[in-house]
Amino acid sequence: MLSFIAKFLAALNANSRPGEIGAAAAFGFMLALIPGGNLLWFALFILVFLLKVHLATALLVMVLGKLVVPLLDPLVETLGLAILNREALFPLFTAMANMPLVPYTNYNHSLVTGGLAAGLILWIPLFFLFILLVKLYRSYLWPKLAENRLVKGFLRYPLVKKISGAVGKAGGFWKGIG
Amino acid sequence: MATTKPAKLPKMFRKPIPKKRFEKKILGRIYLAKERDFLLSVAKKDEQERYVVSGDLSKAEAKRLAALAKSIRKNRGLVTGWKAAILAVLIGSLLIFNFLFKDRLVEAGMEAALENVFRARAEAEGVRLSLFRGSVSFDSLRVADREKPMENLFELSSSELRVNIWELLKKRVVIERAVCSGIQLGTPRDSSGALPESERVEEGFSPEDSSTSGLGALLADTDPEALLQAQFDRLGSPAYLDEVNKRYSQAVDRWPERIESLQDDLEAGKEAASRIAALKIQEIDTLQEAADAAKIIQENYPRVEEAASAVRRTNRDFQQDRETLTDLQRGVRDALEEDYRLLESVVADPGGELSGVASQAAENLLKARIGKYYDYALKAIAASRQMKTEEAEEKKDFSRQGAVVNFPVRGYPRFMIQELFISYGRSGSGEYLEASAQDISSDQELVGRPVRFSLKAEEGVHRVSGEASLDTREAAEEFLVLEGGLTGGGFDIASALSGMGLQELKGSADGSIAFSIDPGMQGSGTAEIRLENMDPVFKDDGNLLQTAVREVLSGTDSALFTVSFEADEGRFTRFRVGSDLDALLARRVGDFLEAEAAKLRERLKVLLREELASALEENAGLEELMGSYGGELAGDLREADSIEDIARSQRERLDARMQEIRDRTAAEAQDKAEDLIKDAAKGLKLPF
């Protein structure tokens, strides 16, 4: 977890594409929304792994998302049931039930379908929201933090240095500070 | 003059870069303004509008430029190649792991699936999976019996299953053909096969000890004395007689004292009566004498009355007591009659009992045998229901809630065994089984066919064959229909026939059984068993029944048993056995047993009378004693009446005598008065 946070901060401060972070956050939240233990989740995870998105950000958002997603379950379930019980989609779902591998996605579970649908719907807003946040951070917050004495002092602490070293690239995430 | 070596530039900056490319491919991939400014500060435009990075950079600048070049490269493209490589390596490792450990994984999966179906421990050994051939084989498999955790429901040895891989990709386990070369049922286990959460329900059919059945128990013990002793606690007369004698004894103890105390009163009355009787009433001549006599009577008459009254009261009490005791005494006779009837009923009509003696003896044995098959049928239904439930309620893989919406599937259900062949042992060895099943599935509605079973088995000298179908479809009229036969086999019953006085019965047997269980779990069926070439071995205790059965079985070598039964939820609600052997036994030994039974009845009566003789004698003695007390009291009563009569008579006579004296005295006084008047009249001189 600490590693994810350090890598996320490093990505924020390094020359990484804001879209990478935005997409990672959107995918991470989608992974949090879809219950694990099925082929769909694994397929999505592999996709996230292969795409050029910031994996640490995706994992961090997923872990944090898992904490809040149970609160959204009633909504996700309602959405899932609404989709699964839609008559127009019945032939599609029936065909999917008889396709190879598809049944392993557990698509007929309301939380899986609801989570996928909610994740897809929220993907674009989250993507652009995170891009905006990254840009705002880089334009306004980061320069101020770089000059802040408290932050500089904090980074000189041996423990913080040690943690920074332990997370590898983290040494560069405060590039320009200190 | 020393010259400084120019810093080595990153590859992308070594050649001049066209403006368009520089802005799109390099500047466009720098997202930090500071870094962009830095690059623009070190990259200068040449005369062709190309960007050229100067080689005169400080060490720090060169290092920063190298890092920048690296990040620019990193920001290219959508897919990371090295990640794909890592993933490929991971997937490869997983496949290798699966290849190496797939057998272990399948073993665990198989055990979990079987435990889920049978709700008891399942243990598989030597499991091998071939994904290319689509086959699973194992060396042994044991599934514990949920109801008897220290026994296995079944145990399979070397077996092979051919799995439909295409259907497996659709998340359906379809076993096209399963061949198990060895099966054993009910084998013992070293450890309990109960799962932690499974509930143990000790139910089912179990044989009972037929030696306790009515006639068998009775006629096996025809010693009248022993029989009387065995029935003694049920008899009412001994206790009743004791109670009556106790009440008599209390009366006998009480009455002598009371009668004795009465004698003093009676003596006092007699004395008083004698004083009254001593008065000579006719000699009383004057009123004074009469008054004296009346005084004596007045003084003594109450004592006479008191004595008479006491005697009468005592006699009345005695008569009441006697009446109560007489009623009790009459009850002794009634109790004895009742006990005679009881003893007669114990020695029941042997003709009637014999009509079912063979059936009774066979009933529990047949119950146990048929119950065993019925139990297996119920277990098959339970397993089928469990599979159906699993099909309907898809297991959730998540900790979160949610609902599963089932969509119709085509072709196959989630679980199906199309053909199952099980064999064990060698035909003719006495331990042989050959069973097959078709279309075992978790959704018979989808398959459109019931599960069909067939069986051929040898168990010792028994040969069994049968066919069954298990239909859990909504429209099914019967859940399970079974038809079986027992052919060309022998039988050897070494127990459960002790009621008939048999130690062992051997022979050959043919039979058939048919039963069905409806969706309400109510079952009914019939069975027919023909025993032939019977070779009985009798017990040595030489009782009456043994003699009779020996005589019958020596002249008969075949018997037919017919069974009809009904069951509900694993328990027989009706189980009737009939046999032609019953009629034969009844006919052959009925008369003999009837005579024996009549003798036994009489003997029992005599024995009971002998048993109660001393109590009856005591009762008679006490009754006699009470009679003597009654006689004594009757004498006292007569005496009391007599003295009272005497006293009353004297009193009446005195009253009459006194009246006479009064009348006479009055007459004399009148006469005297008249005389005086006459005398006075004579001396009187009238003036005129």
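Below, each value reflects all heavy atoms present in this structure, side chains not excepted, and no hydrogens, waters or symmetry copies. By convention in this document, chain letters (A, B, ...) are assigned in the order of the sequence lines, proteins followed by strands, and residues within each chain are numbered from 1.
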(Q) Counting only non-hydrogen atoms closer than 4.5 Å, does Arg17(A) touch chain B with its backbone (N, CA, C, O), its side chain (CB onward), both, or neither? (A) both
Q.
Any side-chain to backbone donor/acceptor pair from Asp103(B) onto Leu100(B)? Under 3.5 Å, distance only.
A. no
Q) Got a sec, which residues hit side-chain contact (heavy atoms from CB on, under 4.5 Å) with Glu474(B), two or more places apart in sequence or on another chain? A) Lys388(B), Glu445(B)
Q.
Taking every non-hydrogen pair under 4.5 Å, which of Leu84(A), Ile46(A), Val134(A) racks up the most with chain B?
A. Leu84(A)
Q: Under the salt bridge (Lys or Arg N to Asp or Glu O under 4.0 Å) rule, what do Arg104(B) and Glu107(B) come out as? Steps first, then yes or no, please.
A: CA-CA 5 Å; Arg104(B) 197 73 58 81; Glu107(B) 186 177 308; 5.4 Å; no
Q) Quick one: CG on Leu446(B) to CE on Met416(B), what's the gap to the nearest 0.5 Å? A) 8.5 Å
Q.
Out of Ala95(A), Pro70(A), Ala97(A), Ser110(A), return the one with the most heavy atom pairs under 4.5 angstrom to chain B.
A. Ser110(A)
Q. Which of the residues Phe49(A), Phe90(A), Phe93(A) is involved in the greatest number of heavy-atom pairs with chain B at under 4.5 angstrom?
A. Phe49(A)
Q) Could you name the residues of residues 14-22 of chain B that have a heavy atom within less than 4.5 Å of a heavy atom in chain A? A) none
Q: For Val89(B) and Ser93(B), run side chain to side chain contact (heavy atoms under 4.5 Å, CB included): C-alpha distance rounded to whole Å, both residues' side-chain angles, the deciding distance at 0.1 Å, then the answer.
A: CA-CA 6 Å; Val89(B) 170; Ser93(B) 308; 4.1 Å; yes
**Q.** Heavy-atom proximity to chain A below 4.5 Å, by part of Leu90(B)
**A.** neither
Q: Please determine if Glu35(B) and Arg64(B) form a salt bridge, counting it only when a charged side-chain N lies under 4.0 Å from a carboxylate O.
A: yes
**Q.** Over 12 foreign heavy atoms within 6.0 Å of CG, Leu92(A)
**A.** yes
Q. Would a 4.5 Å heavy-atom cut-off, applied to side chains only, mark Val409(B) and Thr94(A) as touching?
A. no
Q. Applying a criterion of heavy atom separation less than 4.5 Å, what residues of residues 113-123 of chain A form contacts with chain B?
A. none
Q: Kindly indicate whether the side chain of Glu176(B), heavy atoms from C-beta on, has any atom under 4.5 Å from the side chain of Asn164(B).
A: yes
Q: Select one option (side chain, backbone, both, neither) describing which atoms of Leu81(A) are under 4.5 Å from chain B's heavy atoms.
A: side chain
Q | Close side-chain approach of Met96(A) and Tyr107(A), heavy atoms under 4.5 Å | A | yes
Q.
Whether the side chain of Thr105(A) engages the backbone of Val102(A) through a donor-acceptor N/O pair (distance < 3.5 Å, no angle test) should be reported.
A. yes
Q) Is Arg128(B) close to Val136(B) at the side-chain level, that is, under 4.5 Å between some pair of heavy atoms? A) no
Q.
Using heavy-atom distances under 4.5 Å, tell me whether Val53(A) contacts chain B through its side chain, its backbone, both, or neither.
A. backbone
Q: Look only at the side chain of Glu111(B) and the backbone of Ala124(B), and say whether a donor-acceptor pair between them is shorter than 3.5 Å.
A: yes
Q.
Is Trp82(B) close to chain A through its backbone or its side chain, or both, or neither, when contacts mean heavy atoms under 4.5 Å?
A. neither
Q. What part of Leu47(A) is in contact with chain B, defined as an atom under 4.5 angstrom from a non-hydrogen atom: side chain, backbone, both or neither?
A. neither
Q | Counterpart residues, side-chain contact (heavy atoms from CB on, under 4.5 Å), relative to Glu115(B) (two or more places apart) | A | Arg121(B), Ala122(B), Leu195(B)
